[in-house]
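Index from 1, following the sequence. Quick caveat: nothing in here was measured; it's all calculated off a predicted structure.
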Amino acid sequence: EAQFRRDFGDLKALTEPARRDTLRRLLSEVMVRNTRAHLDVRLPRRLAATYVVRPETDEAEAQSCLARVIRERYREASAADRWRLMTLQMQAGSSPAALRHGLRNRGDDGRTDGFQPVLDALDRVAVSAKTTALVDLARRSPEKKIVFARFRATLDELARALTAAGFHVAIFHGGLTPAAK
C-alpha cells in the first residue's frame, strides 16, 4: 500500500502519461466494470413524467413572503446565513411541511425575525397541492411506487397523506438503524 501511494497517490500520477497508463493497467486486473448492456438484466419499464403542480393560494403566499425576506437579507448575510436562506428555499420547494420545520428549527421560534408572515401563511395550509397531486397520481395504478423526497418533513407529510388515502407505506431514510433498514 505504501508503495502504491508513493507511485500513484498524488496528482502527478494523473498528469504523467506513463504513470497513468500503468495505473490503468493495474486497475484493469482487479476492477471489473459491468453495465446493463453487458448483463442480461430485465428491469421493469420505467415511466417518467413531469407534472406541473401550481401551489394553492396560501402556499404561494408563503413562498412569496419567504422570497421577499430572503431578498432583503441575502446581500448582507454571512456565508453561513446565506446557506441557511438557500436551505429554506429548498425546503419551500419541497413542501410546506419542510419549510415549516426549517423555520421552526432555526434556534428560535421563527416568529421574531421577519418570518412571521411566512409562518402565518403556512399555518393556513392543511394539505399541499403537491401532496394532493401525488395521492391522485398514486390512485391511477395499483402498482407499487417509489417516492423520493429530500427532506424528512416532506417524507413524513407524504406518508401521512398516503396512509390516510388507504395506501400501505414503507419509509426508508438515512436515520433508520441498520436493523430497521
(request) Tell me, please, which residues at least two apart from Arg5 pass side chain to side chain donor-acceptor pair (under 3.5 Å). (result) Glu1
(request) Kindly indicate, with the supporting measurements, whether the criterion salt bridge (charged side-chain N to carboxylate O under 4.0 Å, His left out) is fulfilled by Arg68 and Glu72. (result) CA-CA 6 Å; Arg68 192 175 322 114; Glu72 290 169 1; 5.7 Å; no
(message) To check you understand the geometry: which heavy-atom pair defines the closest contact between Leu88 and Gly102, and what is its length?
(response) CD2-C, 3.8 Å
(request) Under the side chain to side chain donor-acceptor pair (under 3.5 Å) rule, collect the residues that match up with Glu157, sequence neighbours excluded. (result) Ser128, Thr131
(request) Measure from the side-chain N and O atoms of Lys130 to the backbone N and O of Gly93, and report whether any donor-acceptor pair falls under 3.5 Å. (result) yes
(request) Evaluate the criterion side chain to side chain contact (heavy atoms under 4.5 Å, CB included) for residue pair Arg160 and Val127; output intermediate values, then yes/no. (result) CA-CA 10 Å; Arg160 277 191 298 276; Val127 178; over 6 Å; no
(message) So which atom in Leu162 and which in Val169 form the shortest heavy-atom distance, rounded to 0.1 Å?
(response) CB-CG2, 3.7 Å
(request) Say whether Leu134 and Phe151 are linked into one hydrophobic cluster, either directly or through other cluster members, by side-chain heavy-atom distances under 4.5 angstrom. (result) no
(message) According to a hydrophobic-cluster definition based on side-chain heavy atoms being under 4.5 Å apart (Ile, Leu, Val, Met, Phe, Trp, Tyr only), do Val147 and Leu137 belong together?
(response) no
(message) For Arg75, give me all partners under side chain to side chain donor-acceptor pair (under 3.5 Å), at least two apart in sequence or on another chain.
(response) none
(message) Pair Leu155, His173 - check side chain to side chain contact (heavy atoms under 4.5 Å, CB included), show working.
(response) CA-CA 9 Å; Leu155 184 64; His173 56 76; 4.1 Å; yes
(request) Examine Tyr74 and Phe115 and state if one hydrophobic cluster contains both, with Ile, Leu, Val, Met, Phe, Trp and Tyr joined whenever side-chain heavy atoms are less than 4.5 Å apart. (result) yes
(message) Let me check something: do Trp83 and Val69 share a hydrophobic cluster, defined by ILVMFWY side-chain heavy atoms less than 4.5 Å apart, either directly or through other members?
(response) yes
(request) Locate the shortest heavy-atom distance separating Glu59 from Pro96; write the atom from each residue and the value. (result) OE1-CG, 3.7 Å
(message) Let me check something: do Val118 and Val125 share a hydrophobic cluster, defined by ILVMFWY side-chain heavy atoms less than 4.5 Å apart, either directly or through other members?
(response) no
(request) Give a yes or no on this: more than 12 heavy atoms of other residues, nucleotides or ligands lie within 6.0 Å of atom NZ of Lys144. (result) no
(message) I'd like to know whether CD of Gln3 has more than 12 heavy-atom contacts from other residues, nucleotides or ligands below 6.0 angstrom.
(response) yes
(request) Check whether more than 12 heavy atoms from other residues, nucleotides or ligands sit under 6.0 Å from atom CD of Glu76, and answer yes or no. (result) no
(request) Keeping the roles fixed (side chain from Thr22, backbone from Ala18), state whether a donor-acceptor pair exists under 3.5 Å. (result) yes
(message) Whether Asp123 and Arg104 form a salt bridge (side-chain N of Lys/Arg under 4.0 Å from carboxylate O of Asp/Glu) is what I want to check.
(response) yes
(message) Tell me if a side-chain donor or acceptor on Arg150 pairs with a main-chain N or O of Ser94 at a distance below 3.5 Å.
(response) no
